[in-house]
Amino acid sequence: TLGLQGDTQLCAGESTQLQATSDVGNIRWSPSEGLTCDSCAETDARPLRTTTYTATVLTAAGCTTRDSITVRVAEPPTATAVGDTAICSGSIANLRVETSIPISRVRWTPSNGLSCDSCPTTLASPTATTTYRVQVETAEGCQAEDSVTVEVSQPQHREFSIGRNYRVGVGGAAEVSIQTQGTSPT
């Protein structure tokens, strides 16, 4: 008899150990692409795409036994964190994650100041410049992450003096000219 074991679901770039157990005979795996050893009872498989591996046992008496195991390779997601990257203190930044394929889980960190840390779209109200990291995961368990930095500008206070007091009567008008020096925020 011949028995096979190994993970049958991988994310791109992952590997699994395949094991073939047999009472007698020499084992040969095919295809050999992505295997560390095609004639070993235990071999590491790192397929680039979904692959069905067949283990064949040839006994000394010339009998052949075969069994197969299919290792599915899930498409890896990509994640891009986008949104407002500059806000004034007290304002809200709209953040979202764009993905290449459907996802089953989203996690934003840090979660402080977020309207939802497990939603693809969230509102952020940081009190200081903050880098938000977002991690996404597919139903198959494949993950991707990205980050976005929201810069928070503190308000600038300016005081003006026109040098003397002006009185304007009811219904009256006065024109005042103010000149400032220095730079203004952009």
Heavy atoms of other groups near Glu33 CD, more than 12 under 6.0 Å: no
From CD (Glu145) to CH2 (Trp108), nearest 0.5 Å: 12.0 Å
Spacing of CZ belonging to Arg49 relative to CG belonging to Leu10, to within rounding of 0.5 Å: 14.0 Å
Spatial distance of atom OG1 (Thr80) from atom CD (Glu98) [nearest 0.5 Å]: 6.5 Å
Steps toward side-chain contact (heavy atoms from CB on, under 4.5 Å) verdict (Arg46, Glu14): CA-CA 6 Å; Arg46 186 184 298 260; Glu14 293 181 340; 5.9 Å; no
Rounded distance (nearest 0.5 Å) linking atom CZ of Arg96 with atom CG of Leu123: 12.5 Å
Close side-chain approach of Asp84 to Leu95, heavy-atom, < 4.5 Å: no
Straight-line distance of Arg105 CZ to Gln135 CD, nearest 0.5 Å: 5.0 Å
Distance in Å, Arg28 CZ paired with Cys40 SG, rounded so as to fall on 0.5 Å steps: 9.0 Å
Non-hydrogen atoms of Ile87 and Pro126 that approach each other most closely: CD1-CD, 4.0 Å
All side chain to side chain contact (heavy atoms under 4.5 Å, CB included) counterparts of Ile101, not counting sequence neighbours: Glu75, Pro77, Thr138
pair Ser91-Ser89: side-chain heavy atoms closer than 4.5 Å: no
Nearest atoms (heavy-atom pairs only) where Gly141 meets Cys11: C-SG, 3.7 Å
Sub-4.5 Å side-chain heavy-atom contact between Thr99 and Thr78: no
Backbone of Thr109 reached by a side-chain donor or acceptor of Ser111 within 3.5 Å: no
By side chain to side chain contact (heavy atoms under 4.5 Å, CB included) - contacts of Arg72 (at least two apart): Gln9, Thr50, Thr70
Heavy-atom pair with the smallest gap, counting every atom of Pro76 and Ser100: O-OG, 4.0 Å
Worked check of side-chain contact (heavy atoms from CB on, under 4.5 Å) between Leu114 and Tyr132: CA-CA 10 Å; Leu114 294 179; Tyr132 291 98; 3.6 Å; yes
Close side-chain approach of Thr64 and Thr56, heavy atoms under 4.5 Å: yes
CG/Asn26: more than 12 non-hydrogen atoms of other groups inside 6.0 Å: no
Cys88 side chain near Val152 side chain, heavy-atom distance below 4.5 Å: no
Nearest heavy-atom neighbours spanning Arg107 and Asp117: NH1-OD1, 3.0 Å
Short side-chain donor-acceptor distance under 3.5 Å, Thr43 and Thr36: yes
Donor-acceptor pair, side chain of Ser147 and main chain of Arg133, under 3.5 angstrom: no
Within-4.5 Å side-chain heavy-atom neighbours: Thr129 and Thr149: yes
Stepwise side chain to side chain donor-acceptor pair (under 3.5 Å) check, Ser68 with Thr54: CA-CA 4 Å; Ser68 297; Thr54 301; 2.9 Å; yes
Leu18/Leu35 under side-chain contact (heavy atoms from CB on, under 4.5 Å): CA gap, chis, key distance, verdict: CA-CA 9 Å; Leu18 300 180; Leu35 298 178; 4.2 Å; yes
For the student: nearest non-hydrogen atoms of Asp67 and Gly3, plus distance: OD2-CA, 4.3 Å
Hphob cluster co-occupancy, Tyr53 + Val57, side-chain heavy atoms under 4.5 angstrom: yes
Residues forming a side chain to side chain contact (heavy atoms under 4.5 Å, CB included) with Cys116, sequence neighbours excluded: Ser118, Cys119, Thr122
Worked verdict on Val136 versus Val97 for side-chain contact (heavy atoms from CB on, under 4.5 Å): CA-CA 9 Å; Val136 298; Val97 62; 4.0 Å; yes
For the student: nearest non-hydrogen atoms of Thr127 and Gln154, plus distance: O-NE2, 3.4 Å
